[in-house]
Amino acid sequence: MNITATHINLYHVCRRELWLHANGIRMEHTSDVVAEGKMIGDTSYPERAERYTEIEIDGVKIDFYDARNRVVHEVKKSDSVENAHIAQVKYYLYKLRQHGMEDATGIIEYPKMRQRESVELKEEDITAIKGWESDITDIVSGNTCPPVIHSKLCRRCSYYDFCYVEEESD
Ligand code: SF4
């Protein structure tokens, strides 16, 4: 399968969400959080068009790539640094490395917190990423949707109503 950065991100958030997304069940349009995130991504860095290029490698789209300095920029609406964000950017760096850009680095921008997180791809990350890809392929091709995770993350997930409909109607 063609693994994307979204798959990598969701794999680190919730395997059920990964499965639902990959199997074409979408609810994003109902989520205000997603709409807000899109707005932050579109408006917080108006200089993006001049400094960054959008590139695509093996179907993996990188929205903000500073080709001159070989830096991937990723903007997140979140008010906390999350492992899934770092994993997503490491995956971009992994893809760049596979295509000869071995020294590329990443910066995750958190406009709400006015904070930046630097990301590097280390040797041990490459082994881990191969494991993520294999796990993702197994999960997505499975016939069964993984179980609800009962995490505080669920409250801001676009699948919340879908996952908790039975419990809410009890
Ligand atoms: S609501 Fe929770 S269990 Fe359901 S997909 Fe989202 S994060 Fe996963």
Side-chain angles (χ1 to χ4, degrees), residues 1-42 44 57-64 72-95 106-170:
M1 70 177 274
N2 199 19
I3 293 175
T4 67
T6 300
H7 294 137
I8 298 287
N9 186 311
L10 294 181
Y11 171 70
H12 286 84
V13 173
C14 170
R15 291 170 184 213
R16 181 179 173 89
E17 188 175 359
L18 167 65
W19 189 95
L20 289 166
H21 176 89
N23 283 280
I25 301 166
R26 300 290 160 80
M27 311 210 133
E28 277 87 348
H29 62 282
T30 62
S31 168
D32 290 343
V33 176
V34 170
E36 185 194 355
K38 287 209 172 95
M39 210 175 74
I40 285 176
D42 289 346
S44 295
I57 306 171
D58 300 338
V60 173
K61 210 168 82 174
I62 303 174
D63 291 334
F64 307 93
V72 171
H73 287 253
E74 177 69 19
V75 182
K76 292 296 183 192
K77 67 189 182 302
S78 169
D79 53 12
S80 64
V81 176
E82 290 170 23
N83 191 31
H85 305 157
I86 294 169
Q88 180 184 340
V89 173
K90 285 196 178 198
Y91 197 62
Y92 291 146
L93 300 180
Y94 173 70
K95 283 286 156 193
I107 294 175
I108 308 174
E109 317 263 9
Y110 291 94
K112 275 192 179 171
M113 299 190 289
R114 300 188 177 276
Q115 188 179 326
R116 293 176 150 205
E117 180 80 13
S118 296
V119 183
E120 285 178 22
L121 187 73
K122 304 201 172 102
E123 284 305 318
E124 60 264 32
D125 294 325
I126 294 169
T127 310
I129 287 169
K130 287 177 181 162
W132 302 345
E133 289 183 321
S134 165
D135 279 356
I136 287 168
T137 304
D138 287 349
I139 292 164
V140 164
S141 60
N143 290 327
T144 315
C145 181
V148 174
I149 60 170
H150 294 102
S151 158
K152 62 180 187 226
L153 293 174
C154 295
R155 279 277 169 198
R156 56 187 168 96
C157 175
S158 59
Y159 294 107
Y160 180 81
D161 290 343
F162 179 83
C163 290
Y164 290 92
V165 65
E166 286 180 14
E167 291 181 19
E168 298 227 317
S169 60
D170 282 348

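If you're wondering where the values come from, they're calculated on a predicted model, not measured in any experiment. In what follows, residues are counted from 1 in the order of the sequence shown.
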Asker: Shortest non-hydrogen contact from Val60 to Ile3?
Answerer: CG2-O, 3.5 Å

Asker: Measuring only between side-chain heavy atoms, which start at C-beta, is Arg15 closer than 4.5 Å to Asp135?
Answerer: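 Counting from C-beta outward, Arg15 and Asp135 do come under 4.5 Å.
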
Asker: Does any non-hydrogen side-chain atom of Tyr92 lie less than 4.5 Å from one of Lys61?
Answerer: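 Heavy-atom side-chain distance check fails, nothing below 4.5 Å.
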
Asker: Give me the atom names and distance for the closest heavy-atom approach of Asn2 to Gly59.
Answerer: ND2-CA, 3.9 Å

Asker: Looking at every non-hydrogen atom in both residues, tell me the closest pair between Leu20 and Cys163 and how far apart they are.
Answerer: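 Leu20 and Cys163 have their closest heavy atoms at CD1-SG, 4.5 Å.
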
Asker: Rounded at 0.5 Å granularity, tell me how far CD in Glu109 sits from CD in Gln115.
Answerer: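 That separation rounds to 11.0 Å.
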
Asker: From Met1 CE over to Ser141 OG, what is the distance, rounded to the nearest 0.5 angstrom?
Answerer: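 Nearest 0.5 Å value for the CE-OG distance: 8.0 Å.
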
Asker: Give, for atom CD1 of Ile62 and atom CD1 of Ile57, the distance between the pair rounded to the nearest 0.5 Å.
Answerer: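 The CD1 atom of Ile57 is 4.5 Å from CD1 of Ile62, to the nearest 0.5 Å.
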
Asker: In terms of ring plane angle, is the pair His21 and His7 parallel, tilted or perpendicular, where the classes change at 30° and 60°?
Answerer: perpendicular

Asker: Short question: side chain of Trp19, backbone of Gly142 - any donor-acceptor pair under 3.5 Å?
Answerer: yes

Asker: On a heavy-atom basis, which atom in Tyr160 and which in Cys154 lie closest, and how many Å separate them?
Answerer: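 It is CD1-O, 3.2 Å.
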
Asker: Using modelled atom types and a 3.5 Å cut-off, is there a donor and acceptor pairing between side-chain atoms of Asp125 and backbone atoms of Leu121?
Answerer: no

Asker: Mind checking what makes ring-ring contact (aromatic ring centres under 6.0 Å, His included) contact with Tyr91, not counting sequence neighbours?
Answerer: Tyr94

Asker: What I'd like to find out is whether the side chain of Arg16 reaches to under 4.5 Å of the side chain of Pro147, using heavy atoms alone.
Answerer: no

Asker: What is the minimum heavy-atom distance between Gly106 and Val89, and which atoms define it?
Answerer: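 The answer is CA-CG1, 4.0 Å.
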
Asker: Quick one: pull up CD in Gln88 and OG1 in Thr6 and give me the separation to the nearest 0.5 Å.
Answerer: 6.5 Å

Asker: Once rounded to the nearest 0.5 Å, what's the spacing between atom CD1 of Ile107 and atom CZ of Arg116?
Answerer: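 These two atoms lie 5.0 Å from each other.
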
Asker: Can you check whether Glu82 reaches Asn9 side chain to side chain, under 4.5 Å on heavy atoms?
Answerer: no

Asker: Distance-only, no hydrogens or angles: does the Tyr164 side chain make a donor-acceptor pair with backbone N or O of Val148 under 3.5 Å?
Answerer: no

Asker: Do Leu93 and Val72 make a side-chain contact, defined as non-hydrogen atoms from C-beta onward lying under 4.5 Å apart?
Answerer: yes

Asker: So, taking the atom named CD1 in Ile139 and the one named OG1 in Thr144, what distance separates them when rounded to the nearest 0.5 Å?
Answerer: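 Ile139 atom CD1 to Thr144 atom OG1 measures 12.0 Å (nearest 0.5 Å).
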
Asker: So do Arg156 and Leu153 actually touch side chain to side chain, heavy atoms under 4.5 Å?
Answerer: yes

Asker: Work out which heavy atom in Lys90 is nearest to a heavy atom in Ile129; give both atom names and the distance.
Answerer: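 Minimum heavy-atom separation between Lys90 and Ile129: O-CD1, 3.8 Å.
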
Asker: Test side-chain hydrogen bond (donor to acceptor under 3.5 Å, both in side chains) on Arg114 and Tyr110 and set out the steps.
Answerer: CA-CA 6 Å; Arg114 300 188 177 276; Tyr110 291 94; over 6 Å; no

Asker: Between Glu74 and His85, is the side-chain hydrogen bond (donor to acceptor under 3.5 Å, both in side chains) condition met? List the steps.
Answerer: CA-CA 8 Å; Glu74 177 69 19; His85 305 157; over 6 Å; no

Asker: Determine, step by step, whether Arg26 and Tyr159 satisfy the side chain to side chain contact (heavy atoms under 4.5 Å, CB included) criterion, reporting the C-alpha distance in whole Å, the side-chain angles of both residues, the deciding distance to 0.1 Å, and the verdict.
Answerer: CA-CA 8 Å; Arg26 300 290 160 80; Tyr159 294 107; 4.3 Å; yes

